[in-house]
Structures are given as structure tokens and as C-alpha cells.
Amino acid sequence: MLYLTIIITSVILDRISKVLAVKYLLPIKEIPLWEGVFHLTYCENTGAAFSMFSDSTFALTVFSTVIALFLCIFLYRQTKLNSKKLWYLSSISMIIGGATGNIIDRILYGYVVDYFDFTLIDFAIFNVADCFICVGAALFCLNLIFDKEIII
């Protein structure tokens, strides 16, 4: 139940943030929160991470959906094999939730709404779903590296 809650919460937080970005940020395009360092910048990303595979929305939607479904099955299996591995199972849930948030965007809009912009280092513009995916992936890797009791 905890893992479903993580997935649903991440999707809800992502959807709320994107609805707010479309409503308030789209008309003005950018809000500098810390000039030259961190801005909220409205961006429509038709690609994947760092705008790779731009304008491949259908293929990315299908691919992302297949991966998310695979991860759901994997999570279900892992809850049986590693039922006491809270951080490990939570990491998978975070990845599923983030992926689902971006899949919803691709289906609704044909692109992913991004808005977090670290202008200081000229980094890719990203969103809440991307944060869940990255944090989840990092936790997943750390668990695999440091917890030798995980059964895959």
C-alpha cells in the first residue's frame, strides 16, 4: 500500500505543478527566482531527457508506457521477494510515479511540460516527475550497490 501511495502522490504533485506552470508560467514564460542561478522557465519538451529524440512523442509514449508497466510488474514481484526493503521498493515506486507523470503529459499535450531551470550551469529544464525519476534511480542504484541481501 505504501508503494501505491508513493506512485499516486508523485503523480499528483507532478500534475499540480504542471497545471500551475501552464496557468501562471506559460503566459509570461519565465520567473527568475534567483537571477542568473535558478528560474522557473516554461518549456514544452517533445523529447526525452535533455530533449533527446525530439518530436518522437508517440514512440516515447509507447516506450515509456511499456517500461512503466514492466516496472509495475517488477515492483509487485519485488514486494514478495524483498518485502522488508523499504528504500529499495520506494525507489522503484518513485520511478514509476515520475514516468507516469510524464506519460500523462505526452498523452494530454503531445509534449512534457518542464519548468525548473538552473541557469547558472546551463542544465536541462526539468519538472517534478523528472525529480522523482532521478531520485528513485539514484536510490535504486545505491540499494543495489550497498544492500547485498536484495534478491532480483
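Everything numeric here is computed off the predicted structure, so don't read it as measured data.
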* **Shared hydrophobic cluster, Leu81 / Leu144 (ILVMFWY, side-chain heavy atoms < 4.5 Å)** => no

* Structure fact -> Nearest heavy-atom contact between Ser91 and Leu139 is CB-CB, 3.6 Å

* Asked: Within the side chain of Asp147, is there an N or O that forms a donor-acceptor pair under 3.5 Å with the backbone of Asn143?
  -> no

* **Spatial distance of atom CD1 (Ile73) from atom CG (Leu69) [nearest 0.5 Å]** => 6.5 Å

* Asked: Under a single-linkage definition using a 4.5 Å side-chain heavy-atom cutoff for Ile, Leu, Val, Met, Phe, Trp and Tyr, are Val22 and Ile28 assigned to the same hydrophobic cluster?
  -> yes

* To do: List for me each residue that meets side-chain hydrogen bond (donor to acceptor under 3.5 Å, both in side chains) alongside Asp105, sequence neighbours excluded, and say none if there are none.
  => Arg15, Lys18

* Asked: Taking a hydrophobic cluster as the set of Ile, Leu, Val, Met, Phe, Trp and Tyr residues connected by side-chain heavy atoms closer than 4.5 Å, whether directly or through intermediates, do Val19 and Val11 fall within one such cluster?
  -> no

* Hey, could you give me each pair passing salt bridge (charged side-chain N to carboxylate O under 4.0 Å, His left out) that has a residue in residues 56-73? Not counting sequence neighbours. => none

* Asked: Would one find more than 12 heavy atoms of other residues, nucleotides or ligands at under 6.0 Å from atom CZ of Phe38?
  -> yes

* With sequence neighbours excluded, what pairs up with Thr57 under the side-chain hydrogen bond (donor to acceptor under 3.5 Å, both in side chains) test? -> none

* Listed partners of Ile145 passing side chain to side chain contact (heavy atoms under 4.5 Å, CB included), at least two apart -> none

* Find the distance between OG1 (Thr5) and CD1 (Ile12) and round it off to the nearest 0.5 Å. => 9.5 Å

* Structure fact -> Heavy-atom closest pair (Ser90 atom, Leu2 atom, distance to 0.1 Å) is OG-CD2, 4.4 Å

* Structure fact -> Contacts of Glu149 meeting side-chain hydrogen bond (donor to acceptor under 3.5 Å, both in side chains) (sequence neighbours excluded), chain-then-number -> Lys85

* Of all residues at least two apart in sequence or in a different chain, which pass the side-chain hydrogen bond (donor to acceptor under 3.5 Å, both in side chains) check with Asn82? -> Gln78

* Asked: Applying salt bridge (charged side-chain N to carboxylate O under 4.0 Å, His left out), which residue pairs with at least one partner in residues 19-45 are found, sequence neighbours left out?
  -> none

* Structure fact -> Of all heavy-atom pairs linking Gly110 and Thr46, the shortest is O-CG2, 4.2 Å

* Asked: Roughly how far apart are Ile8 CD1 and Ser93 OG, rounded to 0.5 Å?
  -> 10.5 Å

* Joint cluster assignment, Leu25 & Leu33, ILVMFWY side-chain distance < 4.5 Å -> yes

* Listed by chain and number, what are the side chain to side chain contact (heavy atoms under 4.5 Å, CB included) partners of Leu20, not counting sequence neighbours? -> Ile16, Tyr24

* To do: Check the pair Leu86 / Tyr3 against side chain to side chain contact (heavy atoms under 4.5 Å, CB included), numbers first and verdict last.
  => CA-CA 9 Å; Leu86 176 69; Tyr3 311 113; 3.8 Å; yes

* Determine yes or no for a side-chain-to-main-chain donor-acceptor pair under 3.5 angstrom, with Ser17 supplying the side chain and Asp14 the backbone. => yes

* What pairs of residues pass the ring-ring contact (aromatic ring centres under 6.0 Å, His included) test when at least one of them lies in residues 69-107, not counting sequence neighbours? -> Tyr88-Phe140

* Would you say the side chain of Ile6 lies within less than 4.5 Å of the side chain of Thr9, judging by non-hydrogen atoms? -> no

* **Same apolar cluster (I L V M F W Y, side chains within < 4.5 Å links), Leu89/Ile95** => yes

* For Tyr115, enumerate each residue passing the ring-ring contact (aromatic ring centres under 6.0 Å, His included) test, keeping only those at least two apart in sequence or located in another chain. => none

* **Gap between atom CG of Asp117 and atom OH of Tyr42 - 0.5 Å precision** => 14.5 Å

Going by atom type alone, with no hydrogens or angles, which donor-acceptor pairs under 3.5 Å involve a side-chain atom of residues 118-137 and a protein atom two or more places apart or on another chain?
from: Thr119; atom 1: OG1; to: Gly36; atom 2: O; distance (Å): 3.2
from: Thr119; atom 1: OG1; to: Val37; atom 2: N; distance (Å): 3.1
from: Thr119; atom 1: OG1; to: Val37; atom 2: O; distance (Å): 3.3
from: Asn127; atom 1: OD1; to: Ala129; atom 2: N; distance (Å): 2.9
from: Asn127; atom 1: OD1; to: Asp130; atom 2: N; distance (Å): 2.8
from: Asn127; atom 1: ND2; to: Asn102; atom 2: OD1; distance (Å): 3.3
from: Asn127; atom 1: ND2; to: Val113; atom 2: O; distance (Å): 3.0
from: Asn127; atom 1: ND2; to: Asp114; atom 2: OD1; distance (Å): 2.7
from: Asp130; atom 1: OD1; to: Asn102; atom 2: ND2; distance (Å): 2.9
from: Asp130; atom 1: OD2; to: Asn127; atom 2: N; distance (Å): 3.2

* Residue list, side chain to side chain contact (heavy atoms under 4.5 Å, CB included) with Ile96, at least two apart or on another chain -> Ile7, Leu71, Cys72, Leu75, Ile92, Thr100

* Ignoring hydrogens and angles, tell me if any N or O in the side chain of Arg106 forms a donor-acceptor pair with the backbone of Gly47 under 3.5 Å. => yes

